[in-house]
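Below is one structure; the comments refer to it alone.
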Amino acid sequence: MGYKGVGLPTHTATTTRTKPSKMYKEKEDVVRWIFKFVGRRKKILFIISILVFIRVLYVWHGEDGQKVEAPHSETTNKEPLSNIHNNLSHVVKAAKVYRPRPPPYFRGYTLSPDHPCNRFTLPPPPADKKRTGPRPCPVCYLPLEEAIALMPSSSSFSPILKNLTYIHEKPLNRKTEFGGSDFGGYPTLKQRRRSFNIKGSMSVHCGFVKGRQPGRGTGFDINEKDLLEMKRCRGIVVASTVFDAFDDVKSPSNISKYSEQTVCFFMFIDEKTESSLKRDKKFNRTTKKVGLWRVVVVHNLPYTDGRRNGKVPKLLVHRLFPNSRYSLWMDGKLDLVVDPHQILERFLWRENVTFAISRHYKRFDVFVEAEANKAAGKYANASIDFQVDFYKKEGLTPYSTAKLPITSDVPEGCVILREHVPISNLFTCLWFNEVDRFTSRDQISFSTVRDKIAARTKWNVSMFLDCQRRNFVVQRYHLADQEKLKKKPTPMAILPPPALVSSDLPRKLNNVSQVVSITQPKRRGRDKQLSARSQRKANLPTRSPEPA
């Protein structure tokens, strides 16, 4: 009976099983809190796991990096030098080098502040009152190597317009209010107004409307071999034309070997010019070249006017060379004397523009230009008046300082520099449509097309000085004018022999004369009277002396 008190009390055993220690209770609370927190904050747990993973990678790369040792310069190093280079090259290839992506558009550049071209200023014009015509002025070109290195790797930005396509009509629709041709189509005035409403994607008339590919059954047709070469031009194109044997063909000069190999030089001629060119010794019949020019004979010309035919490659060069990036157009009467890379760098890339043309050296108002064309008989006066009146009703006003920073409304259109981006292509398409509808005098329609596009976009045309244009092209006389100068007799004069300067020379020189070409000055006013009086005195008989 006394053994009932031998076992442990009941309350003591119960206390040992149900009451954990203080440390165990704290751990249990922490684990319970963590699981409770993680269940509610899965995103934070995911972030923590990423941070741990990055830390592990960092440690792993650090251990690997410690294994790569630089080669010792001591002679005790027995590892071959080639093995060291191989190990280092392997590490370099394995490393991830960050290379920033090129910008999607060319955004221009600036020369260093101490560059000579930044300090370059135009000198004052020569104070020669007898020479009042246009003359060249100096231009600060970059060295050829620098200009080539600065050629943009990406295209310039085209505001608003990103995709431009061209209208093809078959059969041709000739219903229009006025103007147009089978080559350029017959856009209505409604279509004309719509073409100036700039959008992201547009389709406009742009010549060659009768065929899907320029040069094939469209008018202004070109043989397949030449078309293939034109497609291969993917960089810079220099283009010119001579129709109706109006000018002679002369190769560009001062062109670098690099440009000779990379730049395309194309001269478009008609069959009449071809027959005249075949008599020229400079023409290579095998290669169809005159110097650097690749001569392309155009068949089925769309117009009867040679000047209007010349507007096709002048304004639609982007259609003839669909893969080219830049073009330099020049009239057939001009000789190129500066490398194209230097010209484009100076007037396009450095200025960060996509279209550049020189302004007229004398006239800057369309109304004045129209009157000058009428006075020179460049086109029918009634047609010029009709075109100017049409533009006047659309809002054309005489040029004034209110148009600044626009410096002129009249270009000297014999040279055009451009980048083939959608907005500049649209500009030349619409400019050509005006030439096709109205007169062929493109100076009259230039400012109207420019201002309509500029009013809807921030794009504009760069107009540089005409004296700068005359720096890189030399203007020659037309072929007919050259023939007239050859037939014109030149006054000759014979000058006395030079004075003797050495006693070693013989005292008498026989048959020695210097023939030079001079122009005798005209006698005026009092000089004429004195000359006539002296002549009469010389003709009077000599009186014998009277005897003393």
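Note that the structure is a prediction, hence the values are computed from the model and not measured.
- In this pair, His318 and Tyr166 present their aromatic rings tilted. The plane angle is within the 30 to 60° band.
- Judged as a salt bridge (Lys or Arg N to Asp or Glu O under 4.0 Å), not a single pair has a partner in residues 137-165 (not counting sequence neighbours).
- Evaluation of the side chain to side chain donor-acceptor pair (under 3.5 Å) rule for Ser440 yields no partner, not counting sequence neighbours.
- Of the charged side-chain nitrogens involved, none lies within less than 4.0 Å of a carboxylate oxygen, so that Glu177 and Arg192 do not count as a salt-bridged pair.
- Figure legend: cation-pi geometry between Arg308 and Tyr303, with NZ or CZ positioned under 6.0 Å from the six-membered ring centre and within 45° of its axis.
- Ionic pairing of Lys210 and Asp182 is not present here: no N-O contact between side-chain nitrogen and carboxylate oxygen is shorter than 4.0 angstrom.
- Residues that satisfy the side chain to side chain donor-acceptor pair (under 3.5 Å) test with Ser195, not counting sequence neighbours, are absent from this structure.
- Applying the ring pair (Phe, Tyr, Trp, His ring centres under 6.0 Å) criterion to Phe243, with sequence neighbours excluded, gives no partner residue.
- Pairs of residues two or more places apart, or lying in two chains, that qualify as side chain to side chain donor-acceptor pair (under 3.5 Å) and include a residue from residues 223-235 are Arg216-Glu224, Asn223-Asp226, Asp226-Arg294, Glu229-Arg232.
- Considering every non-hydrogen atom in both Val435 and Ser445, the closest pair reads CG2-OG, 4.1 Å.
- Judged as a ring pair (Phe, Tyr, Trp, His ring centres under 6.0 Å), and not counting sequence neighbours, Phe268 has no contacts.
- Asn163 approaches Leu161 most closely through the heavy-atom pair O-CD1, 3.5 Å.
- Evaluation of the ring-ring contact (aromatic ring centres under 6.0 Å, His included) test over residues 447-476, restricted to residues two or more places apart or in two chains, returns Phe347-Phe464, Phe347-Phe472, Phe427-Trp459.
- Applying the side chain to side chain donor-acceptor pair (under 3.5 Å) test to Thr165 and every residue at least two apart in sequence or in another chain returns Ser203.
- In this view, Asp389 satisfies the salt bridge (charged side-chain N to carboxylate O under 4.0 Å, His left out) rule with no residue, not counting sequence neighbours.
- Scored by the ring pair (Phe, Tyr, Trp, His ring centres under 6.0 Å) test, Phe208 finds Phe183 as partners (sequence neighbours excluded).
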Checking side chain to side chain contact (heavy atoms under 4.5 Å, CB included) for the pair Val295/Glu274: CA distance, chi angles, key distance, verdict?
CA-CA 9 Å; Val295 179; Glu274 181 189 18; over 6 Å; no
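- Not counting sequence neighbours, the partners of Cys467 by the disulfide bond (SG atoms under 2.5 Å apart) test are Cys137.
- In this structure, the side chain to side chain donor-acceptor pair (under 3.5 Å) partners of Glu419, at least two apart in sequence or on a different chain, are Ser156.
- Pairing each heavy atom of Asp270 with each of Thr273, the nearest pair is OD1-OG1, 2.5 Å.
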